[in-house]
Amino acid sequence: MSLAVVLILLVVGSVIFHFLSPWWFTPIASNWGMMDTTVDITFWVTGIVFVAVNLFMAYAIIRFRHRQGQRAKYEPENKKLEWWLTVITTIGVVAMLTPGLFVWADFVAVPKDAAIVEVVGRQWNWSFRYPGDDGVLGASSAKLTTPDNPFGIDPQDAAGQDDVVVSDQELRLPLDRPVKLLLRSTDVLHNFTVPQFRVKMDLVPGMVTYVWLTPTKTGTFEILCEELCGLAHFAMRGKVIVDEPDAYATWLAQQRSFAGTQSLAAADPVAGQVSYATCAACHGAQGEGNVLLNAPALAGQPGWYIDRQLANFRKGLRGAAPGDTFGPQMVGFASILDAAATRNLIAYLQTLPDPRPEQSVSGDASAGARLYDTCAGCHGVDGQGIWTSNGPRLANLGDWYLERQLKYFKQGVRGKHPQDFHGAQMALLMGTLRDDRAIADVVAYINTLGSGPAMAAAGTAAR
Amino acid sequence: MSVATHDHSDEHDAHGPEKGLMRWIRTTNHKDIGTLYLLFALVMLFVGGLMALVIRAELFQPGIQFVNPDFFNQMTTMHALIMVFGMIMPAFAGFANWMIPMMIGAPDMALPRMNNWSFWLLPFAGAMLLATLLMPGGGPASGWTLYPPLSLQAGDGFPFTIFSIHLLGISSIMASINIIVTILNMRAPGMTLMKMPMFVWTWLVTAYLLIGAMPVLAGGVTMLLTDQFFGTSFFQAAGGGDPVLFQHIFWFFGHPEVYIIILPAFGIVSQIIPTFSRKRLFGYDSMVYATASIGFLSYIVWAHHMFTVGMPLAGELFFMMTTMLIAVPTAVKVFNWISTMWRGSLTFETPMLFAIGFLFMFSIGGFTGLMMAIVPLDFQYHDTYFIVAHFHYVLVPGALFAALGGAYYWLPKWTGHMYDETLGKWHFWLSTIFVNLLFFPQHFLGLAGMPRRIPDYATQFTDWNLVSSIGAFGFGFAQLLFVWIVVQCARGGQKATSQVWDHPEGLEWTVPSPAPYHTFEEAPLVK
């Protein structure tokens with residue numbers, strides 16, 4: 001009896017809950033409203049059957065509970081009833097399937113005027129490519145991928161020269177314009193999901209998949225990876241910003257074309273040496289760093305990382321947070337370097353020797369080794385840095401500097417700026433280092449790195 | 001059916017079990033091996049459950065509190081592998097070993113020595129799988145589906161994981177061969193196929209599914225192994241391979257696997273409901289045909305796990321249709337169980353409570369399954385917590401509840417004692433409340449877009465994750481009660497009659513409780 005009461009309460013409760021609950025899809029921001037309608041239909045069909053079956057069962061439990069001397073009716077089968085139930089079930093299934101087929105027909109029919117944007121996922125970030133004025137994406141190949149050409153765009157292909165490449169995790173789309181997103185992955189499986197758009201598709205190495213949609217609301221939405229892609233899977237979050245068409249056009253015009261990124265004048269280390277005179281005061285004549293002046297080592301650090309950090313200082317992503325004592329000193333210096341000067345400077349830094357710094361942090365290196373497992377995914381087993389995962393080199397950087405930066409990430413001094421995607425990822429992962437002890441341990445372990453084969457190989461590949 | 005000859009010759013027979021530990025190592029007795037399987041499954045339930053609690057503890061709050069993300073991924077992967085291969089499959093193999101010979105009037109399994117081997121492979125394979133957690137790089141962390149290329153970014157434990165999957169597969173295949181041979185060759189005179197208890201039928205279909213599906217998995221993981229160590233490129237795009245090929249291979253195994261897990265559960269429920277309804281199973285023939293057609297259909301729906309990998313359109317359409325189709329025989333089963341209760345004379349002992357709980361909650365999992373069978377809707381649900389909620393509803397209050405119900409149903413036959421009915425009911429109600437607290441909120445999390453397999457989540461998901469974690473710990477501790485009930489029942493208690501329940505149907509109720517070491521040495525005649 002109590003069982004029947006519970007069943008009835010559950011059924012009634014779940015119906016009430018369904019209508020009152022605020023827990024439902026996020027508000028829609030694309031043209032796929034039909035998707036929601038279809039979901040509603042499936043909830044109605046299954047909901048009605050759920051209620052009917054369970055109320056019937058509850059009724060049977062009350063009506064036919066055992067009483068002394070009562071006998072069950074002998075009724076081993078009833079072919080007619082069984083056929084009816086089968087037919088009704090089939091009709092219910094068809095009723096659920098049919099609207100799904102209509103939505104699906106729309107989903108696979110991409111409008112002819114849809115704009116094209118390419119989305120590339122890699123462990124653990126997003127980048128995007130727009131076709132430029134000709135409306136055609138240039139040919140690309142994984143073989144051509146380099147730090148300067150992360151999309152592997154074929155430099156020989158004329159169609160690729162005006163392609164616009166955006167690598168800072170932000171996808172921008174114009175309002176009310178259909179867009180077809182071509183999805184590629186360069187390492188493992190990823191998945192492109194924007195819950196508000198109601199679209200989802202895997203990124204598969206060696207394949208180009210797609211989704212299409214028309215954004216119907218301006219705003220910023222989160223891009224989630226919903227296919228397990230390794231240890232920072234949970235932190236692989238990008239952003240999509242839907243703009244009014246004018247604002248979108250303005251933004252797009254400010255982005256650099258592929259040809260623009262490739263045709264820069266060859267870097268000149270001699271000119272770089274001249275600029276470096278300013279830096280040398282703190283960072284040392286040989287870029288070896290200076291703990292007393294709180295300046296980290298620059299020699300040996302890959303060029304792409306120095307380039308990004310200088311840009312971060314210029315844009316206020318770094319060195320502007322309260323609590324960051326030393327970062328603000330860099331902002332002024334960074335802003336006197338334009339793109340060409342930065343390239344020259346980096347070319348000069350590549351010519352400097354790469355000494356091992358003195359050690360000042362003491363921790364338990366063997367405990368740190370276990371903690372470092374998490375770091376190795378992006379920064380490399382030998383701390384050599386991996387540009388494809390945006391992990392800078394840690395070896396030979398100076399332990400005092402590492403310790404301070406890790407604490408900054410932990411305290412929220414770094415990684416809190418909304419545009420600082422890679423910093424945010426570091427901040428998320430800082431959960432793995434529980435306290436100052438753990439930070440000291442992992443830094444002590446990093447002190448032992450930098451002389452393995454991975455480091456040697458990275459040395460030749462660095463920019 | 002009725003039984004003409006009773007067999008009690010064992011009472012005069014001096015041949016009994018060996019004494020001491022060697023009895024369990026060398027045994028070829030189907031009851032001993034059944035017990036071993038069930039105990040192994042019980043241990044693994046707690047090992048896998050502990051991993052689930054690590055996961056739920058980490059997800060109790062946003063942020064990373066207890067474990068690093070890599071270990072978290074190892075936990076989600078190992079939890080699934082242990083629960084699927086180490087817990088639920090061995091549990092049902094244990095039921096099969098104990099009950100199939102007794103249900104068809106056979107003296108033992110057809111291949112007793114192989115039976116011993118198929119059990120004893122399990123502890124070694126399971127230990128090897130668990131040992132990978134201690135190896136450099138840790139255990140597998142790519143999800144139990146082992147999708148490349150991610151699964152190839154693995155530590156030193158990788159080949160051990162593959163080898164233990166091979167061993168677990170060999171064990172399952174041998175057990176299946178044994179079950180098929182036993183059922184087809186050793187039925188008592190008069191026990192025609194269409195008179196067999198439903199549990200035997202579901203296991204016959206399951207055994208064929210296992211023989212068809214396990215070698216495919218073995219082949220797939222072997223290809224992973226050669227990709228990693230022998231320079232092949234089956235799944236590596238850079239060498240001309242295709243990562244999606246692995247998904248096809250995996251799910252060609254993986255979907256039959258879903259029914260390998262649920263069909264024996266259907267069988268147990270089909271035994272319990274008629275007994276406590278005091279009425280024959282309604283629509284026996286259609287149940288048999290439904291089981292067989294589920295078995296067949298389970299081989300042609302696999303790609304519905306892969307709707308978002310960019311399959312050809314015709315493929316998506318085909319798999320959407322077949323998936324909807326499989327709902328029909330499953331619905332037939334649910335209707336027949338309820339029709340069995342209709343005009344019955346119902347009592348609600350613990351096994352019946354678990355069977356009704358199964359009906360209610362398995363159907364929730366079934367309905368959500370229908371929703372995600374529709375391709376565009378799957379684009380909403382795929383790889384979110386909605387999926388996690390769906391398959392846990394099918395596996396935990398579905399398969400596991402059926403196994404627990406079956407354990408209560410046959411415990412008196414196994415031990416000769418009645419279990420404590422009050423505690424049994426407590427166990428049922430605690431499990432039911434907490435399992436819903438655990439998994440129902442995950443539907444909401446999924447609808448709101450929370451991805452699965454993440455150790456940290458956006459703060460808007462906090463509330464329901466907290467509820468879900470509380471449910472997880474409650475459900476975990478409730479299972480300790482089950483262990484206590486089983487121990488208590490094995491050690492003593494009210495003596496069970498040979499019928500145990502109120503005139504249940506089936507040959508297993510014609511032998512004394514506890515069932516003697518050897519039963520049906522002389523075949524009974526079934527009319």
Side-chain angles (χ1 to χ4, degrees), chain A residues 3 7 23-26 35 38-39 42 46 50 53-54 56-57 60-61 64-66 70-73 75-77 82 85-86 89-90 93 96-97 100 103-104 107-108 187-189 191 195 198-202 204-207 209 224 226-231 233-234 373-374 428 431-432, chain B residues 63-64 68-70 73 142-143 147 149-150 153 237-238 242-244 277-280 282-286 308-310 313 324 327-328 331-332 335 338 341-348 356 359-360 363 367 370-371 374-377 379-380 382-384 444 447-449 451 453-456:
Chain A
L3 189 67
L7 272 179
W23 279 87
W24 198 239
F25 288 130
T26 43
M35 207 78 96
T38 316
V39 171
T42 61
T46 54
F50 173 76
V53 166
N54 285 298
F56 184 77
M57 189 157 78
I61 288 171
F64 299 109
R65 64 186 188 279
H66 182 66
Q70 180 197 335
R71 283 182 64 102
K73 189 173 157 59
E75 190 183 27
E77 60 180 9
E82 289 171 53
L85 288 172
T86 309
T89 311
T90 312
V93 164
M96 278 179 69
L97 181 60
V103 186
W104 194 65
F107 201 84
V108 298
D187 40 38
V188 301
L189 299 169
N191 177 293
R198 308 289 192 264
V199 292
K200 175 178 295 168
M201 190 54 72
D202 285 356
V204 183
M207 241 171 105
T209 53
L224 302 172
E226 294 205 349
E227 178 71 57
L228 180 60
C229 60
L231 69 91
H233 165 56
F234 70 100
D373 277 350
T374 310
L428 278 170
T432 61
Chain B
I64 293 173
N68 79 43
D70 193 43
N73 289 345
S142 54
Y147 280 1
L150 183 64
Q153 299 179 346
D242 184 356
V244 178
S277 302
R278 293 164 181 74
K279 188 161 167 269
R280 290 189 75 168
F282 181 84
Y284 174 89
D285 291 6
S286 57
T308 65
V309 299
L313 304 184
M324 297 302 275
V328 178
V332 167
F335 291 142
I338 296 177
M341 300 200 297
W342 184 251
R343 293 182 180 161
S345 186
L346 309 170
T347 49
F348 302 98
I356 290 174
L359 262 182
F360 177 70
S363 61
F367 286 133
L370 268 176
M371 295 176 191
I374 299 166
V375 174
L377 303 193
F379 293 160
Q380 313 318 310
H382 181 80
D383 262 333
T384 66
F444 313 140
L447 285 178
R453 295 167 171 157
I454 53 171
D456 180 17

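The figures here come from the full heavy-atom set of this structure, side chains too, leaving out hydrogens, waters and symmetry mates. We name chains A, B, ... by the order of the sequence lines, and we start the count at 1 in each one.
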Engineer: With side-chain contact (heavy atoms from CB on, under 4.5 Å) as the criterion, how do A/Met201 and B/Phe379 come out once you've worked through the C-alpha distance, each side chain's angles and the decisive distance to 0.1 Å?
Structural biologist: CA-CA 7 Å; A/Met201 190 54 72; B/Phe379 293 160; 4.1 Å; yes
Engineer: Under 4.5 Å from any heavy atom of chain B, what part of A/Thr46 do you find: side chain, backbone, both or neither?
Structural biologist: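 When you check distances to chain B, atoms from both the backbone and side chain of A/Thr46 fall under 4.5 Å.
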Engineer: When rounded to the nearest 0.5 angstrom, what is the spacing between CD1 in B/Ile338 and CG in A/Asn54?
Structural biologist: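 So the CD1 of B/Ile338 and the CG of A/Asn54 are separated by 7.0 Å.
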Engineer: Considering only heavy atoms, which portion of B/Phe282 lies under 4.5 Å from any heavy atom of chain A: side chain, backbone, both, or neither?
Structural biologist: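 Both backbone and side chain of B/Phe282 come within 4.5 Å of chain A.
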Engineer: Please examine the side chains of B/Gln380 and A/Lys200, heavy atoms only from C-beta on, and report whether any two atoms are closer than 4.5 Å.
Structural biologist: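 No - every pair of side-chain heavy atoms lies 4.5 Å or more apart.
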Engineer: Go through B/Gly63, B/Gly449, B/Pro455, B/Pro376 and name the one with the most non-hydrogen pairs under 4.5 angstrom from chain A.
Structural biologist: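 Highest number of pairs under 4.5 Å: B/Pro376.
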Engineer: Using a cut-off of under 4.5 Å for heavy-atom pairs, which of B/Ser363, B/Pro69, B/Ala237 has the most such pairs with chain A?
Structural biologist: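 Ranked by heavy-atom pairs under 4.5 Å with chain A, first place is B/Pro69.
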Engineer: When you look at A/Thr89 and B/Val332, which way does the side-chain contact (heavy atoms from CB on, under 4.5 Å) test go after all the steps?
Structural biologist: CA-CA 8 Å; A/Thr89 311; B/Val332 167; over 6 Å; no
Engineer: Quick check for you: among A/Leu228, A/Val103, A/Asn191, which has the greatest number of heavy-atom pairs under 4.5 Å with chain B?
Structural biologist: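 Looking at each of A/Leu228, A/Val103, A/Asn191 in turn, A/Leu228 comes out on top.
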Engineer: Just checking, is any N or O donor in the side chain of A/Asp202 or B/Thr308 under 3.5 Å from an acceptor N or O on the other one?
Structural biologist: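 The criterion, which ignores hydrogens and geometry beyond distance, is satisfied for B/Thr308 and A/Asp202.
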Engineer: Let's test your reading of the structure: which of B/Asn68, B/Ile374, B/Ile454, B/Leu150 forms the most heavy-atom pairs below 4.5 Å with chain A?
Structural biologist: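 Sorted descending by pairs with chain A, the first entry is B/Leu150.
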Engineer: Going through the distances and angles, do A/Trp104 and B/Leu313 end up as a side-chain contact (heavy atoms from CB on, under 4.5 Å)?
Structural biologist: CA-CA 10 Å; A/Trp104 194 65; B/Leu313 304 184; 3.9 Å; yes
Engineer: Taking every non-hydrogen pair under 4.5 Å, which of B/Ala238, B/Ser277, B/Gly310 racks up the most with chain A?
Structural biologist: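 So the answer, after comparing B/Ala238, B/Ser277, B/Gly310, is B/Gly310.
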Engineer: Heavy-atom distance under 4.5 Å between the side chains of B/Phe360 and A/Val53, does that happen here?
Structural biologist: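 No; the side chains remain at least 4.5 Å from each other.
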Engineer: Is the shortest side-chain heavy-atom distance between A/Arg71 and B/Arg278 below 4.5 Å?
Structural biologist: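 Not touching, per the 4.5 Å side-chain cut-off.
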Engineer: Considering only heavy atoms, which portion of A/Val39 lies under 4.5 Å from any heavy atom of chain B: side chain, backbone, both, or neither?
Structural biologist: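 Contact with chain B: backbone and side chain both.
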Engineer: When heavy-atom pairs shorter than 4.5 Å are enumerated against chain B, which of A/Leu189, A/Leu7, A/Asp187 gives the highest number?
Structural biologist: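 Result: the option with the highest number of such pairs is A/Leu189.
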Engineer: Between B/Asp456 and chain A, which part of the residue has a heavy atom less than 4.5 Å away: side chain, backbone, both or neither?
Structural biologist: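 Both backbone and side chain of B/Asp456 come within 4.5 Å of chain A.
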Engineer: Looking at A/Asp373, A/Leu97, A/Thr209, which makes the most heavy-atom pairs under 4.5 Å with chain B?
Structural biologist: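 Most heavy-atom pairs under 4.5 Å with chain B: A/Leu97.
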Engineer: Would you mind checking which part of A/Thr374 comes under 4.5 Å of any heavy atom in chain B, side chain (CB onward), backbone (N, CA, C, O), both or neither?
Structural biologist: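 When you check distances to chain B, only side chain atoms of A/Thr374 fall under 4.5 Å.
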Engineer: Look at the rings of A/Phe50 and B/Phe367 and say which category their plane angle falls in: under 30° parallel, 30 to 60° tilted, over 60° perpendicular.
Structural biologist: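 Answer is perpendicular, since the angle exceeds 60°.
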Engineer: With a 4.5 angstrom heavy-atom cut-off, could you sort out which part of A/Met207 is near chain B: side chain, backbone, both or neither?
Structural biologist: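 For A/Met207, side-chain heavy atoms alone lie under 4.5 Å from chain B.
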Engineer: Quick one: what part of A/Val204 sits under 4.5 Å from any heavy atom of chain B, side chain, backbone, both or neither?
Structural biologist: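 It is the side chain, since no backbone atom gets that close.
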Engineer: If I measure from the heavy atoms of chain B, does A/Leu224 come under 4.5 Å with its side chain, its backbone, both, or neither?
Structural biologist: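 It is the side chain, since no backbone atom gets that close.
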Engineer: Between chain A and each of B/Val244, B/Val309, B/Asp70, B/Val328, count heavy-atom pairs under 4.5 Å; write down the option with the most.
Structural biologist: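 That would be B/Val309.
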Engineer: The test is side-chain contact (heavy atoms from CB on, under 4.5 Å); show your working for A/Ile61 and B/Phe348 and say whether it passes.
Structural biologist: CA-CA 9 Å; A/Ile61 288 171; B/Phe348 302 98; 3.3 Å; yes
Engineer: Which heavy atom of A/Val93 sits nearest a heavy atom of B/Ala327, and at what distance?
Structural biologist: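 Here A/Val93 and B/Ala327 meet closest at CG2-CB, 4.1 Å.
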Engineer: In Å, rounded to the nearest 0.5 Å, how long is the span from NZ of A/Lys73 to OG of B/Ser345?
Structural biologist: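 Output value for this atom pair is 14.0 Å.
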Engineer: Find the one option among A/Cys229, A/Pro76, A/Pro205 whose heavy-atom pairs under 4.5 Å with chain B are most numerous.
Structural biologist: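 Looking at each option in turn, the highest pair count goes to A/Pro76.
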Engineer: I need the A/Thr90 OG1 to B/Met324 CE distance, nearest 0.5 Å.
Structural biologist: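 Answer for the OG1-CE pair, A/Thr90 versus B/Met324, is 11.0 Å.
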Engineer: Looking at side-chain heavy atoms only, is the closest gap between B/His382 and A/Glu226 below 4.5 Å?
Structural biologist: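 They are not in side-chain contact.
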Engineer: Among the options A/Met57, A/Arg65, A/Glu77, A/His66, pick out the one with the most heavy-atom pairs lying under 4.5 Å from chain B.
Structural biologist: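 Top option by heavy-atom pairs under 4.5 Å: A/His66.
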Engineer: Looking at B/Leu370, B/Thr384, B/Leu377, which one has more heavy-atom pairs under 4.5 Å with chain A than the rest?
Structural biologist: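 Option with the greatest count: B/Leu377.
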Engineer: Specify whether A/Phe64 and B/Trp342 have parallel, tilted or perpendicular ring planes, treating 30° as the upper limit for parallel and 60° as the lower limit for perpendicular.
Structural biologist: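 Plane angle over 60°, so perpendicular.
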Engineer: Chain B heavy atoms under 4.5 Å from A/Glu82: which part of the residue, side chain, backbone, both or neither?
Structural biologist: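 Just its side chain gets close to chain B.
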